[in-house]
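Step one of this worksheet: look at the structure below.
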Amino acid sequence: PARRELAARYDPAAIEPGVYERWLASGAFTPAPEPPPGAERFVIIQPPPNVTGALHLGHALTATVEDILVRYHRMRGDDTLWLPGVDHASIGAQFVLDKLIAAKGESRESLGRERYLERMWRFMDETRSVIGNQHRRLGASLDWTRERFTMDEGSARAVRVAFKRLWDAGLAYRGQALVNWCPRCRTTISDLENVHREETGTLWTVRYHLARSDGTPDPDAWISVATTRPETILGDTAVAVHPDDDRYRDLVGREAILPFLGRRLPIIADPAVERDFGTGAVKITPAHDFDDYDVAKRHALPMITVLDEEARMNAEAGEFAGLDRFEARDAVVDRLRAMGDLEAERPHQLVVGHCDKCDTVVEPRLSVQWFIDVKPLAARALASVREGRTRIIPAHFEKVYAHWMENIHDWAVGRQLWWGHRIPAWYCPDGHITVSDVEAGPAACAECGRPADQLTQETDIFDTWFSSGLWPFSTLGWPDETPDLQRFYPTSVMETAYEILFFWVARMMMLGLFCTDVEPFHTVYLHGIVRDPYGQKMSKTKGNVVDPLEMIGEIGADALRFALVFGNAPGVDQRLTPARLAGGRNFSNKLWNAARFVLGARPEELEESTGQPSLPERWIRSRLAEATARATRQLDALDLAGYVAGVYEFAWSDYCDWFVEMAKVDLRRPDATPGERARVWRTAADSLAGMLRLLQPVMPFITEQVWATLHEVEPDATRGEPLLVVADWPAEGARDEAVEREMADLVELVRSLRNLRTEASVPAGAWLALTVAPSDETARQALTRAANYLEPLARVRPIELEGDGDPTERGRLMTAVRLGTAWIGEGAEDSGAEVARRDSALREVRAGIERLRGLLDNAGFVERAPAEVVARERARLAELEAQLRRLEGG
RNA sequence: GGGCGAUUGGCUCAGCUGGUUAGAGCGCACGGUUCACAUCCGUGAGGUCACUGGUUCGAAUCCAGUAUCGCCCACCA
């Protein structure tokens, strides 16, 4: 039984279920086994959301933008792939799981590595499907048959092979260094995960007594150092001053005595010391400060670690051993004060690093770590963007990218965590390192040949972003030359938040170029942050998070998608306000009702079309052609906001406000033949179908549902294609400039008449007689053709063209437009208000004329401006002059 | 300390390579119960495009500087 009508009310809850299943059943999201001949490629590898969480609006924005592009290219007939996946988020996942198991009184330690990882895999299985379902609710047209996970075997192999190649190329190394350490997560973190924040601390000035010749402290002689971290005094191995500092020149080469421990500290000179800061003398704690570490290396100073991995003072700290670092700070200060060696203390603004994941204060920690020397990789990645092989949208992020690439440091890739890819390095008892890309490990030590059973594997795992950096090709089968890799790599667009430009995009560029010798994508499209209505970042702690699913439940996925991209420029943060969401909902409703009108207006018996297309028919076809050309251009240029605004404008203004209203006239005219009605209705249905095609990328659910109904009612309109998602993107039809001009003139007259009525407070329902003096013969003909439409649109009846009627019967309200001079209203007498209105209209036109004459009298303009600009201004002037004559004539 | 960006009607924002009278959504005012839609229709008010100078026939748009705000990066204890 054919559905002839759509439900009276648009209800997303009623239409959205089922649509996605229809798409899946059609196989539309999975590329055909063979690419269509001659097809262009369009590939997006989805930025993998973390398994740990539910989707937020940022993900919804990502999915919407990518889905729009993918659906567009699919309709274009391109060889299109959008590949989904999730990221294992090692540190984030452990953070979440630790909390979960803590609720049951368990911990990492109580479970042990193996059982902990078992729990993790179970946790993954539970949450992974949640993300998939959310993407389905959003309408994301992902190829689920290719869904990947950064911890699956393909990814694991890619990680091993990539790392082995880096090792073989001498770009991976293991060595001692000071790294950022999170004492709560108990792992190294990268520079990027160490977020700096300004805080108010204290700057203490502490006296270090000078050593006498017998090595005992001189009670009357000291050097004062300034520090914000007194607890690290216990790890000091020197005191440094600036070489040119006269105050301390004599002290260089002598020794100071470390409080509490009595260690002798050489007083050294190093240019890194700022003379103007504090006392100009600084304590050197190589194992707990990055600056000091560098100084120590220059001067070959010992490095003493005084904190353990949880940031408690260790045995090196003497009497303070066992104290937490902050307790120890207080204790040290108290003791110094008691000893009379605390010279001063004052509040001090300082910048403190915090763990991105848990916000704990990061501790520099001396340890042996795996690093990647990224400088050579960065140089290539930078060149790719500089030379335009990969471009970033918006373009100004290319500068940000360049700045980061130019100042890059080696990447500490090792993590002392369990959930992740274990670094494929094996150690032999002699200290040799063997890196292998074989899952089972090497058969023997690469250097001394010791058998595998004498080798032990590294326990550290990789930074999550290492596997993420391989994502564009590890998902396609790399390192094997799989058919997918050959067919879909390099990919097309990488769409993601600008927040992870460095974390992820930069790493993909570097590793992509290193592993595959080609840029992994030609375009990086960065979107901004979705903020709350007050501009605040959404966060669970603030409680201002909007759940996309809840939003979809309320207003529908289409409305949410529309709201997310409408008026949103790339790289710019947007506030998601209720008004914005309501805009999406309203537009959904508008589309639904436009479709209801068309479906409900179908004549019972649809006969053969007869007669010539009417003005609105010819006009809407031309407008659709224009809208199609514009949408195509904008989507090709990744101007999504422009695309959405354009189709919105077409649907609401052109189609609903003008075409539908005028088509009603043709459909309801009593003297219309069934064949003429059929013709008009077919135009309405055809152009509705065209509009649905244009809207499908952004509002897939409504358009699909309307399409289905339209298809049942009139398969000709859908050209026999029952499923919009696989329908063709519309071909660019022909514009009809003459018809568009004629229509524009009619619209101008209608608007002008409506304005007159409102300003003169004519009751909205009143019918007024209209008299028009056409400006010329063409206008007369146009007016004759348009009379039928003019009546209901401007609520005027009867309509008389000057010459046919008595001039004394003209109305008292007058307006002059391109088509001519028009009068409406009772009687011919001018009221004061009407005279004032007409005067103001005259003033406006005269001012315009004056401005244009001034412009055209300017020799510089006429000579130097492009001819078409000058011609345009001339035409405008002529038009205004004609309008003035008409106004004065009336 | 370095870098990047923003400043457009009451609010939130578009304005591509300089070219009509600077747009949209929301809000506001006024008027609308006819058979697609009040999640709607019609009409309207509202902006010296932060400021100063420059380039140009012409600047919201390009250049320089100033102010305010925001973000990113950074090893002054």
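Numbered from 1 within each chain, the chains take letters A, B, ... in sequence-line order.
- Within 3.5 Å, no donor on the side chain of A:Lys399 pairs with an acceptor on the base of B:C4, nor the reverse.
- B:A64: Watson-Crick or G-U partner is B:U52, with both key distances under 3.5 Å.
- Side-chain atoms of A:Arg751 lie closest to B:U43 of the nucleotides B:C41, B:U43, B:C4.
- The base of B:U20 lies close enough to the side chain of A:Arg876 for a donor and an acceptor atom to sit less than 3.5 Å apart.
- No contact: A:Arg275 has no heavy atom under 4.0 Å from any strand.
- Closest to the side chain of A:Asn589, from the set B:G19, B:C75, B:C37, is B:C37.
- At least one donor-acceptor pair under 3.5 Å links the side chain of A:Asn407 to the backbone N or O of A:His403.
- Residue A:Tyr498 is classed as having no contact, given no heavy-atom separation below 4.0 Å to the nucleic acid.
- Classification of A:Glu363 and A:Arg365 as a salt-bridged pair fails, no side-chain N sitting under 4.0 Å from a carboxylate O.
- Remark: aromatic rings of A:Tyr648 and A:Phe562 are close, center separation under 6.0 Å.
- When both distances must be under 3.5 Å, the Watson-Crick or G-U wobble mate of B:C75 does not exist.
- Closest approach to the A:Val351 side chain among B:U34, B:A74, B:A36 is made by B:A74 (side chain taken as heavy atoms from C-beta onward).
- A:Pro866 comes within contact range of at least one nucleobase, with a heavy-atom separation under 4.0 Å.
- Contact annotation: the side chain of A:Val565 never approaches that of A:Tyr643 to less than 4.5 Å [non-hydrogen atoms, C-beta and beyond].
- When each of B:C57, B:C75, B:U43 is scored by its nearest atom to the side-chain atoms of A:Phe290, the top-ranked nucleotide is B:C75.
- Base pairing of B:G70 is made with B:C4, judged by Watson-Crick or G-U wobble geometry with both donor-acceptor distances under 3.5 Å.
- Close to B:G42, at under 4.0 Å from its OP1 or OP2, lies no side-chain N or O of A:Arg757.
- The side-chain tip of A:Lys664 does not point at the ring of A:Tyr789 from less than 6.0 angstrom away and within 45° of straight on.
- Across all strands shown, A:Arg864 has heavy atoms under 4.0 Å from base atoms, whether or not it also approaches the sugar-phosphate.
- For A:Lys590, taking side-chain heavy atoms from C-beta onward, the closest of the listed nucleotides B:U34, B:C40, B:G19 is B:C40.
- Ion pair A:Arg325/A:Glu231 not flagged as a salt bridge, since none of the NZ, NE, NH1 or NH2 atoms sits closer than 4.0 Å to an Asp/Glu carboxylate oxygen.
- Closest contact between the side chain of A:Ala579 and the listed nucleotides B:G2, B:C75, B:C26 involves B:C26.
- A distance of 6.0 Å or more separates the ring centres of A:His396 and A:Tyr498.
- Look at A:Lys664 and you won't find any side-chain N or O under 4.0 angstrom from OP1 or OP2 of B:U34.
- Using a 4.0 Å heavy-atom criterion, one finds that A:Arg585 contacts the bases of the nucleic acid, with or without backbone contacts as well.
- A salt bridge links A:Arg298 to A:Asp270: at least one charged side-chain nitrogen sits closer than 4.0 Å to a carboxylate oxygen.
- Residue contacts shown for A:Phe587 are absent, as no nucleic acid heavy atom lies under 4.0 Å away.
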Write down the protein N/O and nucleotide N/O pairs, taken from nucleotides 9-18 of chain B, whose separation is under 3.5 Å; answer none if there are no such pairs.
{"residue": "B:C13", "atom": "O2'", "partner": "A:Gly567", "partner atom": "O", "Å": "2.9"}

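- Distance from the side chain of A:Glu274 is smallest to B:A77 among B:C75, B:A77, B:G2.
- A:Glu868 has its CD atom 11 Å from the P atom of B:U20, to the nearest Å.
- A:Trp204 places its CH2 atom 13 Å from the P atom of B:A77, with the value rounded to the nearest Å.
- For residues 555-565 of chain A, proximity to RNA chain B is found at no residue, defined as any non-hydrogen atom under 4.0 angstrom from a strand atom.
- When heavy atoms are screened at a 4.0 angstrom cut-off, A:Glu661 is found touching base atoms of the nucleic acid.
- Between A:His196 and B:C73, a side-chain N or O to OP1/OP2 separation shorter than 4.0 Å is absent.
- A salt bridge is defined here as a Lys NZ or Arg NE, NH1 or NH2 lying under 4.0 Å from an Asp or Glu carboxylate O, and A:Arg630 with A:Glu649 fails to meet this definition.
- When rounded to the nearest whole Å, the span between CH2 of A:Trp592 and P of B:U39 equals 17 Å.
- Pair assignment for B:A29 gives B:U43, based on Watson-Crick or G-U wobble hydrogen-bonding distances that are each under 3.5 Å.
- If you check B:G19 for Watson-Crick or wobble pairing at under 3.5 angstrom, you find it paired to B:C57.
- Note: CD1 (A:Ile702) to P (B:C37) measures 16 Å, nearest angstrom.
- Both A:Val660 and A:Ala272 lie near RNA chain B, and the one whose nearest nucleotide falls closer to the 5' end is A:Val660.
- Of the possible donor and acceptor atoms, none in the side chain of A:Arg757 sits under 3.5 Å from a partner among the backbone N and O of A:Ser752.
- Dashed line: the shortest gap from a side-chain N or O of A:Arg668 to OP1 or OP2 of B:A36 is under 4.0 Å.
- As judged by a 4.0 angstrom heavy-atom cut-off over every strand, A:Trp652 is placed among residues touching the sugar-phosphate backbone only.
- Not one side-chain nitrogen or oxygen of A:Trp404 sits closer than 4.0 Å to the OP1 or OP2 atom of B:G2.
- As the counterpart of B:C37, no nucleotide is assigned, since no Watson-Crick or G-U wobble pattern has both distances under 3.5 Å.
- Annotation: side chain of A:Val241 is in contact with side chain of A:Ile223 (closest heavy-atom distance under 4.5 Å).
- The CZ atom of A:Phe597 sits 19 Å away from the C1' atom of B:U39 (whole-angstrom rounding).
- Across all strands shown, A:Arg229 has no heavy atoms under 4.0 Å from either base or sugar-phosphate atoms.
- When distances run from any side-chain atom of A:Arg596 to the nucleotides B:U43, B:A36, B:A77, the shortest one goes to B:A36.
- Within the nucleic acid shown, A:Ala645 has no heavy atom closer than 4.0 Å to any nucleic acid atom.
- Nearest nucleotide to the side chain of A:Glu873, out of B:U20, B:G31, B:G19: B:U20.
- Using a cutoff of 4.0 Å between basic side-chain nitrogens and carboxylate oxygens, A:Glu881 and A:Arg853 are scored as salt-bridged.
- Using a 4.0 Å heavy-atom distance criterion, A:Asn407 is classed as making no nucleic acid contact.
- Salt bridge status for A:Asp245 with A:Arg275: absent, with no side-chain N to carboxylate O gap under 4.0 Å.
- Between the CD atom of A:Glu499 and the C1' atom of B:G70 there is a distance of 14 Å, rounded to whole Å.
- Side-chain atoms of A:Val750 and A:Leu790, non-hydrogen and from C-beta on, do get closer than 4.5 Å to each other.
- Residue A:Asn586 places its side chain closer to B:U39 than to any other of B:U39, B:G2, B:G25.
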